[in-house]
Amino acid sequence: EGVITRYLMEELHIPDYLARMAAAFSTGNIGRAVRFASSTEFEEMKEDVLSILGHLDSGENSVVLEQAKKLGEYKNDIRECIDLMMLWFKDLLLVKATGDVNRVVYQEHYPTLRAQASVRGYHAIEEAVKAMEHAKAQLASNVNFDNVMELMLLQLRAH
């Protein structure tokens with residue numbers, strides 16, 4: 001990840017926060033990292049996903065269900081959306097375990113991450129990751145998209 005981040009910053013002049021994000025998201029594939037770092041569509045999708053995640057614990061279930069509809073706009077890229085969410089929960093785990101902002105991918109959202117980490121136990125974070133993995137598997141099985149997204153987002157909320 002560090003090599004990819006440096007490449008994106010030094011060779012392509014990508015801002016550090018976006019380079020870190022694209023590198024973390026790329027799973028070691030430099031082509032994927034470059035594509036994500038230079039795509040305005042990816043940036044918009046990331047911002048929408050982060051908005052949904054940042055508001056998971058506020059509001060009623062009906063608000064979460066509205067947010068699930070927003071994910072419908074990214075139906076063709078839903079695996080990437082869920083991967084972005086998984087990075088968020090990886091950050092939650094890091095914040096909960098270490099409090100270290102420097103190892104967090106979504107550093108600009110550290111206050112929200114810290115707040116969410118304080119109301120979630122390790123088991124709840126693990127269950128959220130399982131819910132996302134389960135949603136990916138269900139989507140591959142051609143089940144109803146809206147139902148899968150609604151259930152997944154409800155399972156990501158703090159209980």
* Asked: Are any side-chain N or O atoms of S141 and backbone N or O atoms of V143, one a donor and one an acceptor, separated by less than 3.5 Å?
  -> no
* **Minimum side-chain heavy-atom gap Y17-R20 below 4.5 Å** => yes
* Is there a donor-acceptor pair closer than 3.5 Å between any side-chain N or O of Y110 and the backbone N or O of G99? -> yes
* Structure fact -> Sorted by chain and number, sequence neighbours left out, salt bridge (Lys or Arg N to Asp or Glu O under 4.0 Å) with K130 holds for E126, E127
* To do: Quick one: do L87 and D83 satisfy side-chain contact (heavy atoms from CB on, under 4.5 Å)? Show the steps, please.
  => CA-CA 6 Å; L87 278 177; D83 286 346; over 6 Å; no
* Asked: Just by modelled atom types, is the R120 backbone N or O under 3.5 Å from a matching donor or acceptor in the K96 side chain?
  -> yes
* **L156 and its side-chain contact (heavy atoms from CB on, under 4.5 Å) partner, picked from I125, D57, L56, V129** => L56
* Asked: Does the side-chain contact (heavy atoms from CB on, under 4.5 Å) test come out yes or no for M152 and M85, once each step is laid out?
  -> CA-CA 11 Å; M152 182 189 75; M85 292 177 178; 3.5 Å; yes
* For the residue pair F25 and F42, categorise the inter-ring angle as parallel (less than 30°), tilted (30 to 60°) or perpendicular (more than 60°). => tilted
* **Pair R114-V101, side-chain contact (heavy atoms from CB on, under 4.5 Å): steps then yes or no** => CA-CA 9 Å; R114 194 176 60 230; V101 68; over 6 Å; no
* Side chain of D91, backbone of V105: donor and acceptor closer than 3.5 Å? -> yes
* Check whether any side-chain heavy atom of Y106 sits under 4.5 Å from a side-chain heavy atom of V95, and report yes or no. => no
* Looking at I78, I52, L65, which hits side-chain contact (heavy atoms from CB on, under 4.5 Å) with M149? -> I78
* Asked: Under 3.5 Å, is there a donor-acceptor pair between the side chain of S39 and the main chain of F36?
  -> no
* If you count the non-hydrogen atoms of other residues, nucleotides and ligands that lie under 6.0 Å from CZ in R35, is the total more than 12? -> yes
